[in-house]
Structures are given as C-alpha cells and as structure tokens.
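Have a look at the structure below, then the notes.
To find a chain, count down the sequence lines: A is the first, B the second, and so on, and within it residues start at 1. Any value given below was found using the heavy atoms of this structure, including those in side chains, with hydrogens, waters and symmetry copies removed.
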Amino acid sequence: MNFEFSEILETIMMSEVEHFDIRTVTMGINLRDCSDRNINVVTQKIYEKILRLAGNHVKNAESIEAAYGIRIANKRVAVTPVSFIGDSFSSEEYVKIAEALDRAAHEIGIDYIGGYSALVQKGMSPGEKNFILSIPQALATTKKVCSSVNIGSTKAGINIDAVKMMAQVIKDTAYITRDAGSIGCAKLVVFCNAVEDNPFIAGAFHGITEGDATLNVGVSGPGVVLEALKNHKDASIQELAEVIKKTAFKITRAGELIGRKVAEKDGVEFGIVDISLAPTPAEGDSIADILKEIGLEDVGAPGTTACLAMLNDSVKKGGLMASSSVGGLSGAFIPVSEDQGMISAAEKGHLTIEKLEAMTAVCSVGLDMVAIPGDTPVNTIAGIIADEAAIGLINEKTTACRLIPAYGMGVGEAVDYGGLLGKAPIMGVKVLSADVFFGRGGKIPAPVRSLTN
Amino acid sequence: MNISEQQIWDLTNQAIDKLGANASPDMIRDYVEKEIANRHGGSLPTEKFEGRVIITAFGINKPGIVAKITGSLAEMEIDLQDISQKIMQNFFTLIMIVDITSSPRNLKEVQEELARVGKELTIKIYAQHEDIFQYMFRI
C-alpha cells in the first residue's frame with residue numbers, strides 16, 4: 001500500500017475529530033469593468049458579472065469537499081474595492097452597490113461577499129468620503145456584505161482624519177444595527193497595511209493589482225495543532241516548534257490541493273493559500289487552548305506574547321514549505337468572539353485589550369471581534385484604532401481593528417451572534433481622553449522604515 | 001464537459017429559430033439541456049472523477065463486513081487494488097485502495113452507495129480521492 005495505515009487514519013481523525021476544515025475558498029472578482037455614470041447600469045453590471053463568474057462557486061466547492069472528504073466551512077467572494085468603481089457616486093448610490101452585492105451573494109448561495117472597501121491611507125477623494133459615510137447604512141440594509149477601510153500603511157503613514165471618521169462610522173454602525181447586537185460592526189474592519197489577496201472576511205477584497213478573477217484559500221486547524229501538542233507533554237520548546245511546523249505543513253498542503261481543485265472547477269486562476277490558523281467557536285478549535293497547552297494557566301498570563309510568537313512563526317515555517325504561493329494575512333488569528341478559550345479568558349478578566357494589543361504585535365491580525373462598551377467615546381475608539389495601526393506601521397505588518405461598541409451594553413455583558421462569529425464578552429476600555437491629539441487632525445508621516453530604496 | 005464556442009453559437013441560433021420572440025429563460029434552459037442531452041446519448045453528461053480512491057471503514061467488528069463492501073464495489077465495477085484490515089479490541093478498521101476509472105459510476109454515486117452500505121452494517125465508511133493523502137504525506 002502506498003500509504004501507511006496511520007497516515008490515512010490521521011487524516012480522517014483530523015477532519016472528523018479535530019475540526020480540521022478549509023475555512024474558506026474565496027473567489028476574487030475584478031469589478032473595474034463595471035463602471036458607468038449611471039448607478040443602475042453599475043449595479044446591473046456588477047450583479048451579472050458576479051453571477052457569471054461565481055454562479056457555480058458553491059456547487060463546485062461542494063463537489064471538491066465530497067471528493068476529498070475535507071469540509072470547506074465558507075464559500076466567499078471578494079470584489080474590487082467598491083470605492084474604485086464609483087468615485088463619482090453619492091452615499092445613497094454606494095448603498096445601492098452594496099445591495100446589488102448582497103443580492104448577488106444570496107443568488108449564488110455564498111456565505112459572505114467582501115470588498116465594500118476603500119484605501120485611504122494617504123488621502124481621501126470626495127467620492128471616497130461619500131463611500132465611507134455610506135458604510136453604516138450599507139451594512140444595515142445588507143446581510144452578507146463585508147466592509148473594510150485601509151487607513152494606514154508603512155509607505156504612506158497613518159491618515160488620522162480617516163481614523164477619526166472610521167471611529168464615528170463604527171459607532172454609527174453599532175447604533176443602526178443595535179437591534180441585532182450591533183452586528184454591522186462584525187462586518188467592518190479598519191486596516192493598516194491591508195493585503196490585496198486576503199481570503200478572510202471581513203477584510204477580504206480583490207486588490208487592484210490582481211487579474212480578472214482568482215481563487216484564494218484560507219485554512220483553519222487550531223484543533224489539529226492542539227491534538228498534536230497534547231501528544232508531546234514533555235517536549236522542549238524547540239520540539240514543540242517542530243511539531244507545530246509539521247502539522248502546519250499538512251494542513252497547508254490540504255489547503256493548497258483543495259484551493260487548486262476549486263480554482264480549476266471554477267475556471268479561474270489559483271491565487272494563494274493564506275496559512276493563518278483560524279479558530280472557530282467549537283470546543284477545542286481554539287488558539288487560546290494551544291497557548292494553554294504550551295504551558296500558560298490562561299491566555300493573558302505573562303508569557304502569552306512569547307508563546308504566540310513561537311506558534312505563529314512555526315505555523316509560517318511549516319506553511320511556507322507546503323505551498324508554492326503563500327499570501328494573504330498568514331499568521332495565527334486571535335479573534336476574541338470566535339475562539340472559546342479567548343471568550344473564557346476575556347470573561348474571567350484574564351485577557352484585557354492592552355494585552356491583546358501586545359499580542360497583535362507578533363501575530364495577525366489585530367484587535368479582532370473585540371466588543372467594548374456601547375458608550376465608549378468616538379475619540380477613544382479612534383485612539384484604539386490609531387494604536388493598532390501604529391503597530392502595523394512600524395513593524396511593516398498588517399494590523400486591523402474589528403471593534404464592536406455594542407449599543408446599550410457594558411462590561412459583564414456579551415453579544416452573541418452564533419455561528420462562526422461566536423460570542424463577544426464586552427471588554428473594559430480605559431476612558432482617558434485623547435481629544436487634543438485627534439483635534440489636531442492631519443496624518444502621521446511615513447516612518448523611516450518606508451525609506452528602503 | 002467541453003463545448004466549443006462554435007457549438008454554443010449553433011445552439012443559440014437554433015434556440016432563436018425554434019423558440020422565437022416568446023422565449024422565456026426557463027424555456028431556453030429546457031431547450032438547451034435537451035439538446036445537450038441528445039448529443040450525449042440521452043442524458044446530461046455527468047462529471048467523471050478519474051483516479052484512485054481510498055476507502056476507509058470503521059466500526060464494531062462483525063462477520064461479513066469485507067464481503068458486503070467488496071460485493072458492492074464489484075457491483076459498481078470498481079477495481080480493488082489493495083486492501084488492509086486490522087482489528088483493535090473488537091474495533092474494526094479497513095482501508096482499501098480502489099480505482100474507479102473503469103466504473104460507470106462517478107465518485108459521488110460511489111460515496112452514496114457506500115454510505116448506504118455503511119448504514120446497513122452500522123459502520124462508518126469514507127471514500128476520499130487519493131490526492132489528499134498524496135499531498136499531505138508525500139513531498
């Protein structure tokens with residue numbers, strides 16, 4: 001037999017017991033050819049193009065799932081940042097684009113559609129301003145549309161005016177979707193150094209340097225890493241790193257295979273594998289549990305950042321060897337609400353926003369799915385975003401904020417979305433003013449790091 | 001299934017001629033499906049998955065498991081290439097490598113049939129394309 005008994009059983013254990021799945025196959029679609037001065041023509045063109053290219057995306061992905069016996073949790077589409085297609089439109093017209101995206105997403109049966117996005121790290125056109133102002137309404141009237149705005153980059157600096165605007169947009173989105181636990185905020189990301197081929201929601205968009213259509217894949221698999229570590233109770237840290245590396249290799253190989261096969265069926269080019277370890281709220285499929293298995297009493301203990309850095313780096317090393325095209329965000333994710341261990345650490349008060357912020361310096365992607373009190377002032381939210389962006393700016397990495405100022409709620413309560421989004425306990429925020437700083441306006445210039453030529 | 005641009009063009013022209021101005025999307029879909037089916041000998045061509053498939057079965061041991069599974073494989077004209085079986089504390093594990101290229105059934109149908117057999121025997125049967133193991137365990 002070509003394969004060992006143990007190898008075949010290991011694969012089946014991974015998918016049946018250890019929650020291994022492909023988190024997402026995301027088809028990126030270029031919408032630049034859908035522009036027109038008439039909004040109705042634009043929405044029609046967008047709808048038709050998505051149906052034409054991704055009409056069978058879900059069916060194709062399902063047939064690959066069946067053939068290889070590996071689940072694909074989400075099938076998604078990401079489009080060109082919408083602000084590029086409609087720079088002449090008003091906010092109301094942008095909302096119509098969001099609605100067209102949502103209709104297309106429902107029609108083809110995908111889970112989410114990303115790309116209601118703008119890139120304003122250096123400055124903002126009047127159209128982009130209209131776009132940003134349209135976000136709360138767009139997220140309130142649609143179900144599957146996800147939005148992201150890039151407000152900083154190592155090459156351009158941080159656009160503080162855009163940060164302030166986004167803080168207000170987050171507050172407005174929380175208010176306008178207050179009846180559903182401010183769920184709009186779970187579909188809105190503020191980035192520094194956004195990447196163009198990220199398959200993960202809510203930050204996925206089809207970069208403007210990409211071709212007409214590509215298929216990017218994101219893997220999951222904290223449960224598999226956790227199980228592997230459980231078998232190495234007495235191992236040294238180097239040995240653990242080696243175990244994680246080998247496990248990440250296998251996970252990524254599976255991701256690469258599934259991605260290539262889905263791309264082939266969809267008839268589009270294969271893009272990248274994002275080798276992030278994405279957790280799910282399922283018991284045991286948790287980054288926090290991995291950190292505890294490495295040897296912490298709970299996440300948030302001193303040592304957490306060090307363990308996370310080791311985990312993230314080992315995952316990358318294994319993944320790099322396994323795939324010929326690694327891209328996207330590629331690092332361990334630490335979304336609070338989507339990880340059972342993180343939820344429990346936050347509820348016990350072991351994990352604070354400040355510790356999370358430190359952790360994001362060594363992994364992707366940032367303060368992700370963090371619920372904060374609904375009455376947090378706008379400038380405090382802006383401060384959190386700016387701090388997170390500064391980490392990305394100086395370390396030449398992607399950082400992001402997906403903050404949920406849950407309307408009408410305070411510390412001790414939680415918003416529960418169910419499904420992959422999970423449950424977010426409200427975490428306390430230091431309400432010290434940064435009003436004077438934000439009152440100054442302007443931008444943080446590009447750092448010395450940007451001068452690499 | 002591969003259809004050339006010329007065939008699509010011909011089919012479109014035929015549909016216009018036959019259905020005229022009253023055509024609705026449903027009518028066109030019916031017409032095109034029928035035409036394609038005609039060209040493929042009466043049924044819509046189903047996709048064919050070629051290559052080797054690894055079948056894994058688990059469950060409480062009892063007589064006749066291998067007989068039942070191999071019997072159903074034979075019925076589907078599937079070529080059995082390798083078989084390996086272990087009993088661990090009354091727990092039955094079976095791994096088979098089969099080639100479904102020569103079978104008239106596609107992988108999905110094979111999986112459905114095996115699921116039915118598994119249910120009958122109250123065991124779990126998986127059928128996965130060989131590539132997944134090739135990718136994960138071989139460089």
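Annotation: residues 62-80 of chain B contacts chain A through no residue [non-hydrogen atoms, separation under 4.5 Å]. Of residues 53-60 of chain B, those residues lying under 4.5 Å from chain A by any heavy-atom pair are B:Ile54, B:Thr56, B:Phe58.
In this structure A:Asp266 satisfies the side chain to side chain contact (heavy atoms under 4.5 Å, CB included) test together with A:Met27, A:His57, A:Asn60, A:Leu215, A:Val262, A:Val268, sequence neighbours excluded. Every side chain to side chain contact (heavy atoms under 4.5 Å, CB included) that A:Lys246 has, sequence neighbours left out, goes to A:Glu242.
No salt bridge links A:Glu99 with A:Arg103; every basic N to acidic carboxylate O contact stays at or beyond 4.0 Å. One finds a salt bridge joining B:Arg116 and B:Glu113 here, because a Lys/Arg side-chain nitrogen approaches an Asp/Glu carboxylate oxygen to under 4.0 Å.
Here the side chains of A:Val326 and A:Ile272 are not in contact, with every heavy-atom distance at 4.5 Å or above.
Contact annotation for A:Leu257: both backbone and side-chain heavy atoms come within less than 4.5 Å of a heavy atom of chain B. Using a 4.5 Å cut-off between heavy atoms, B:Gln85 contacts chain A through its backbone alone, with no side-chain atom that close. Only the side chain of B:Tyr126 comes within less than 4.5 Å of a heavy atom of chain A; its backbone N, CA, C and O stay farther away. With a threshold of 4.5 angstrom between heavy atoms, B:Glu130 approaches chain A through its backbone and through its side chain.
Checked by atom type and distance alone, the side chain of A:Ser276 never pairs as donor or acceptor with a backbone atom of A:Ala278 at under 3.5 Å.
Interatomic distance, A:Arg71 CZ to A:Glu62 CD, rounded to the nearest 0.5 Å: 13.5 Å. Distance check: A:Lys317 NZ to A:Ile275 CD1 gives 12.0 Å after rounding to the nearest 0.5 Å. The distance from the OG1 atom of B:Thr93 to the CD1 atom of B:Ile87 is 7.5 Å, given to the nearest 0.5 Å. One distance of note links NE2 of B:His129 with CD1 of A:Ile70; it measures 13.5 Å at 0.5 Å rounding.
For B:Lys86 and A:Phe5, the positive end sits near the middle of the six-membered ring, less than 6.0 Å away and at most 45° from its axis.
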